[in-house]
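Notes to accompany the following structure.
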Amino acid sequence: MQYLLTEQQKARHGDFKTFVNQNVEPFAEKWDREQRLPESVIALLAKLGYLGCSLPTQNGGHGWDTVTFGLLNEALGRGSSSLNGVLTVQTMVSKALLKWGSVEQIRKWIPMLAQGEIIGAFALTEPGGGSDIHSLVTEFTDSRGDSLVLNGAKKWISCGQFASLFLVFGKLGDRSLACLVPRETPGLEVEPIHDLMGFRAAGLAKLTFNNVEVPPANVVGKPGFALSHIAPVGLHYGRISTACSALGLLRGCFEESVTWAATRKIGNQPLGDIGMIRSLIAEMGTDLEAGSFLCHSACRAADENLPEAFEKALMAKYFTSRAAVRAASDAVQIQGAAGCHASSSVSRFYRDAKIMEIIEGTTQIHEHLLGGIFLGQVRRSLQ
Amino acid sequence: MTNSSHAEEEKKVRETVTNFLLSSINIANLNDDDNLFASGIVNSLFAVQLMTFLEKIFVIELGMDDLDIENFKSVNATTAFVMRKKGWQKAEAGPS
């Protein structure tokens with residue numbers, strides 16, 4: 001897949017991998033065990049401009065293309081899915097706000113998000129449901145003045161524990177609405193969620209809104225468009241980010257497995273000489289190559305602003321998240337008891353991979369959408 | 001823009017929009033005033049795909065101010081929106 005990249009993209013991917021080798025991989029198990037990311041590593045991402053890398057330079061970002069953004073996610077995903085989650089949600093909030101925010105909102109918030117001076121979180125999922133976003137019960141109501149009043153709860157919000165700015169989705173009457181809620185807003189309570197199976201350091205939280213005042217300046221877009229236009233832009237970049245992160249995790253499984261198979265012996269025979277082990281590695285390596293093409297295709301389509309970019313992101317996320325689960329399971333199998341211990345990266349990969357199948361739309365939601373898209377294409381071609 | 005060139009551009013826009021819609025949504029026949037957001041015709045990605053298509057093909061940028069269902073509810077509405085966005089207005093009527 002490397003031949004599809006420009007020299008600059010290859011060079012940056014090399015830089016990303018070096019960064020991850022030095023600053024992420026050696027500490028990822030510790031972060032996972034302690035269930036928290038140190039502020040220093042997030043500050044480092046910010047300092048390097050990684051958190052706003054795909055935002056325009058005039059807004060304080062690097063202006064990198066989506067392919068390069070995908071490569072950064074891939075590299076970070078190889079090191080720590082939890083850490084990559086910061087980039088995922090920062091980009092979801094930033095891209096949605098950049099597209100549909102007012103001039104004043106973009107001027108106020110995007111440079112701070114681009115520079116990593118503040119961390120955003122995408123508050124869509126609720127305690128009562130995640131996949132069916134149209135069943136939101138978080139509610140905006142009119143108050144006496146110009147402001148709205150927000151009541152409700154959000155759950156499983158990545159980076160919620162340390163985010164400074166929340167992009168919150170709810171209903172105003174029968175119309176969907178999105179707004180920005182800064183962390184210090186009176187009435188907002190943040191409750192950490194611990195002991196997840198995977199993504200343990202991603203700072204998930206439950207948010208409760210008790211009569212939170214939302215001034216007009218913090219309403220994003222217009223009533224009625226939050227779920228049709230604003231959330232899909234954020235989710236699109238969330239899927240690209242997660243797809244590429246799962247690809248990085250898949251690469252981790254592949255590299256760990258190949259190294260183990262090449263060095264571990266059964267009697268005098270290297271493990272890799274056993275056909276059944278080769279079968280597992282063959283599937284892993286082929287999935288890695290296939291996933292790379294799907295991710296590249298999704299990123300290129302986003303760079304070219306193609307309408308089919310949304311479908312391609314669905315396909316990439318659907319494929320790589322499932323392939324990552326298979327690869328992580330096989331990687332543990334290849335390492336045996338050693339792969340089951342917390343000291344082994346693949347045991348963390350095994351737990352993190354499953355989360356990839358759930359965030360930014362479950363595998364089943366992806367199948368529902370993609371199945372409908374493919375059937376529709378055939379139906380139309382037969383008309 | 002003269003009235004005849006306006007009509008020509010409008011026809012091209014209408015055909016382009018109609019062709020995209022027929023290739024994107026599950027409907028056999030599409031009339032110019034059919035409601036695109038009627039239940040079951042489109043999936044949850046349709047609105048942003050239409051937005052992206054319009055931006056790409058007509059070299060326009062949509063933003064917050066364009067979020068109005070009246071702009072996108074039908075072929076006619078979308079065509080009129082693109083014509084306005086491009087600044088392709090009919091010539092002012094002269095004195096009779």
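Numbered from 1 within each chain, the chains take letters A, B, ... in sequence-line order.
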Smallest separation among heavy atoms of [X] and [Y], with atom names:
X      : Y      : value
A:F225 : B:I69  : CZ-N, 3.4 Å
B:L67  : A:W100 : CD2-CZ3, 3.5 Å
B:S44  : A:L369 : OG-CD2, 3.6 Å
B:L45  : A:I373 : CD1-CD1, 4.4 Å

- Side chains of B:M64 and A:H229 in contact at under 4.5 Å (non-hydrogen atoms): no
- Task: Please tell me if the side chains of A:N305 and B:E55 come closer than 4.5 Å, counting only heavy atoms from C-beta onward.
- Result: yes
- Message: Would you say CZ of A:R300 has more than 12 non-hydrogen atoms from neighbouring residues, nucleotides or ligands within 6.0 angstrom?
- Response: no
- Task: Step through the shown structure and confirm whether more than 12 heavy atoms of other residues, nucleotides or ligands are within 6.0 Å of NZ on B:K86.
- Result: yes
Reported [atom1]-to-[atom2] distance for the pair [X] and [Y], which is rounded to 0.5 angstrom:
X      : Y      : atom1 : atom2 : value
A:S228 : B:F37  : OG    : CZ    : 7.0 Å
A:K99  : B:L62  : NZ    : CG    : 6.0 Å
B:Q49  : A:L306 : CD    : CG    : 11.0 Å

Please classify the contact of [X] with chain B as side chain, backbone, both or neither, using a heavy-atom distance under 4.5 Å.
X      : result
A:L314 : side chain
A:E304 : both
A:L375 : neither

- Please state whether the side chain, the backbone, both or neither of B:L54 comes within less than 4.5 Å of a heavy atom of chain A. neither
- Message: Given heavy-atom pairs under 4.5 angstrom as the criterion, report whether the side chain, backbone, both or neither of B:I25 touches chain A.
- Response: backbone
- Message: Has A:K222 got a side-chain atom pairing as donor or acceptor with B:D65's backbone, closer than 3.5 angstrom?
- Response: yes
- Query: What option among A:G221, A:G101, A:A231 has the most heavy-atom pairs under 4.5 Å with chain B?
  - Reply: A:G221
